[in-house]
Amino acid sequence: MTDLILKIEKLHKSFGEKIILNDLNINITRNTSQVIIGGSGTGKSVLLKCILGLIEPDQGIISYNSTPLNRDTRKEINFYDEIGMLFQGAALFDSLTVWENITFAIKSKRKSDLREIALDKIHKVGLDSTVLDLYPSELSGGMQKRVALARAIAKDPQLLFFDEPTTGLDPIMADVINNLINEIIDEVGATAITITHDMESAKKIADKISMLYKGNIIWSGDPGEIESSNNPYVDQFINGRSEGPIKINIKD
Ligand SMILES: Nc1ncnc2c1ncn2[C@@H]1O[C@H](COP(=O)(O)OP(=O)(O)OP(=O)(O)O)[C@@H](O)[C@H]1O
Ligand SMILES: [Mg+2]
């Protein structure tokens with residue numbers, strides 16, 4: 001089996017006249033934690049949606065374990081059983097209890113087995129059985145994030161996607177979530193792809209950081225290298241400066 005779990009070649013996506021992804025290439029190595037940074041509107045979510053099959057790219061190849069992904073192959077290889085996704089803002093189902101949320105995507109199992117799985121996952125994210133029958137509205141934001149994490153790992157996925165996992169959390173809870181992500185990656189032995197604006201989080205959870213700008217990856221490196229990248233785009237982004245080569249179009 002190849003070392004690459006995901007290989008993205010010349011991915012192109014436009015909406016009308018607007019080019020979002022412009023021949024984007026990125027390789028994701030198995031068992032690594034890859035973080036993708038980039039400004040608002042640079043296409044991070046579009047990239048994720050292309051990988052997940054929620055958006056059809058115009059051109060390009062996304063291969064998972066050497067299999068080029070399309071609607072048919074995603075089905076053939078049970079792609080959706082191999083991945084876990086933490087949506088931005090937790091995105092739990094309000095009308096389902098915690099255990100029902102966690103096991104939502106697992107089919108053909110008895111209720112008692114599902115509760116057992118939910119209990120196992122809830123322990124992994126540092127909560128206990130007392131939350132299993134609660135509804136999301138009865139949980140704090142940090143607890144909701146943990147439940148969403150538990151849902152993301154419910155099927156013991158090979159590949160995990162985290163979209164802005166620390167957004168909206170206080171710095172301490174953000175750190176708790178960062179630690180949990182690291183533990184989960186280590187324990188499950190999974191590969192993780194995280195999209196974030198939060199540089200503290202990026203440095204803490206990444207084995208590799210890549211920056212998306214104008215439709216392509218303009219820099220990749222180790223978290224320890226990012227401060228001294230000598231790349232003016234990276235410098236501007238990580239230091240949060242409004243002055244620099246990156247021009248913010250506030251209409252975007
Ligand atoms: N379905 C769509 N139809 C038309 N335009 C879209 C669609 N989805 C995304 N876009 C456009 O693509 C661009 C990139 O959007 P995307 O959501 O990927 O940004 P992002 O990098 O995730 O930003 P943020 O950090 O704010 O979440 C935006 O200009 C957006 O308006
Ligand atoms: Mg986004």
Side-chain angles (χ1 to χ4, degrees), residues 6 8-26 28 33-62 69-71 74 83-92 141 144-145 148-149 151-152 159-169 171 174 177-178 181 192-206 208-220 223 226 229 231-242 244-252:
L6 206 63
I8 299 180
E9 296 165 275
K10 296 203 159 212
L11 193 67
H12 195 97
K13 180 69 197 173
S14 301
F15 291 109
E17 299 279 281
K18 208 161 156 192
I19 298 171
I20 310 298
L21 304 176
N22 194 5
D23 286 348
L24 179 139
N25 298 300
I26 188 169
I28 314 284
S33 171
Q34 166 78 54
V35 169
I36 297 173
I37 59 171
S40 254
T42 49
K44 302 183 300 296
S45 293
V46 169
L47 171 61
L48 215 80
K49 286 175 187 167
C50 286
I51 302 170
L52 295 174
L54 302 173
I55 288 181
E56 191 69 36
D58 303 326
Q59 276 171 48
I61 302 170
I62 302 173
L69 294 178
N70 58 41
R71 195 169 299 172
R74 280 189 180 86
I83 63 168
M85 170 83 204
L86 176 69
F87 292 96
Q88 192 162 351
L92 297 171
Q144 289 180 9
K145 255 318 189 228
L149 260 180
R151 183 173 63 184
L159 184 56
L160 281 159
F161 297 93
F162 300 119
D163 195 356
E164 303 284 357
T166 54
T167 301
L169 300 177
I177 296 293
N178 288 334
I181 288 176
I193 301 177
T194 305
I195 286 174
T196 188
H197 291 115
D198 175 351
M199 285 311 299
E200 289 302 313
S201 173
K203 284 185 223 165
K204 183 139 193 186
I205 65 178
K208 189 175 165 202
I209 301 179
S210 298
M211 179 159 167
L212 184 62
Y213 181 67
K214 289 227 164 143
N216 220 319
I217 300 295
I218 57 156
W219 183 85
S220 288
I226 198 161
S229 70
N231 180 311
Y233 295 89
V234 173
D235 276 348
Q236 184 185 349
F237 186 79
I238 65 172
N239 294 302
R241 286 194 293 260
S242 56
I246 302 174
K247 305 294 177 216
I248 305 288
N249 183 350
I250 52 171
K251 292 201 298 277
D252 266 6

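When a ligand or atom number is given, it counts from 1 through the structure's own listing order.
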For G39, counting its heavy atoms only, list the atoms of ligand 1 lying under 4.0 Å from any of them.
21 (O)

Anything protein N/O/S under 2.8 Å from the Mg ion (ligand 2)? Just list residue and atom, please.
S45 OG

Would you mind listing which atoms of ligand 1 come within a distance below 4.0 Å of any non-hydrogen atom of T42?
19 (O), 21 (O)

I'd like to know if the side chain of T196 and the backbone of A202 have a donor-acceptor N/O pair within less than 3.5 Å.
no

Is there side-chain contact between L160 and L86, with at least one heavy-atom pair below 4.5 Å?
no

Taking distance alone, with N or O pairs closer than 3.5 Å, would you say Q88 contacts ligand 1?
no

Got a list of side-chain donor-acceptor pairs under 3.5 Å for residues 209-218, not counting sequence neighbours?
residue	atom	partner	partner atom	Å
S210	OG	Q34	NE2	2.9
S210	OG	S220	OG	2.7
N216	ND2	N22	O	3.1
N216	ND2	D23	O	3.0

How close do P57 and L11 get, counting heavy atoms only, and between which atoms?
CB-CD1, 3.5 Å

Proximal atoms of ligand 1 relative to K18 (non-hydrogen, under 4.0 Å)
29 (O)

Would you mind telling me if ligand 1 is within reach of the side chain of H197, the backbone, both or neither, using heavy atoms under 4.0 Å?
side chain

Is it true that, when you exclude R241 itself, more than 12 heavy atoms of the residues, nucleotides or ligands shown sit nearer than 6.0 Å to its CZ?
yes

Compute the minimum heavy-atom distance from G38 to ligand 1 and say whether it is under 4.0 Å.
no

Is the shortest N/O to N/O distance between I55 and ligand 1 below 3.5 Å?
no

Quick one, I51 and F161 - any side-chain contact, counting heavy atoms below 4.5 Å?
yes

Under 4.0 Å from ligand 1, counting heavy atoms only, is it the side chain of I20, its backbone, both or neither?
side chain

Closest non-hydrogen atom pair between K44 and I195, with its separation:
O-CD1, 3.3 Å

Here's a test for you: under side chain to side chain contact (heavy atoms under 4.5 Å, CB included), which of L24, I19, L21, L47 qualifies with K13?
L21

Under the salt bridge (Lys or Arg N to Asp or Glu O under 4.0 Å) rule, collect the residues that match up with K208, sequence neighbours excluded.
none

Summary of side chain to side chain donor-acceptor pair (under 3.5 Å) pairs that have at least one residue in residues 160-169, sequence neighbours excluded:
E164-T167, E164-H197, T166-D198

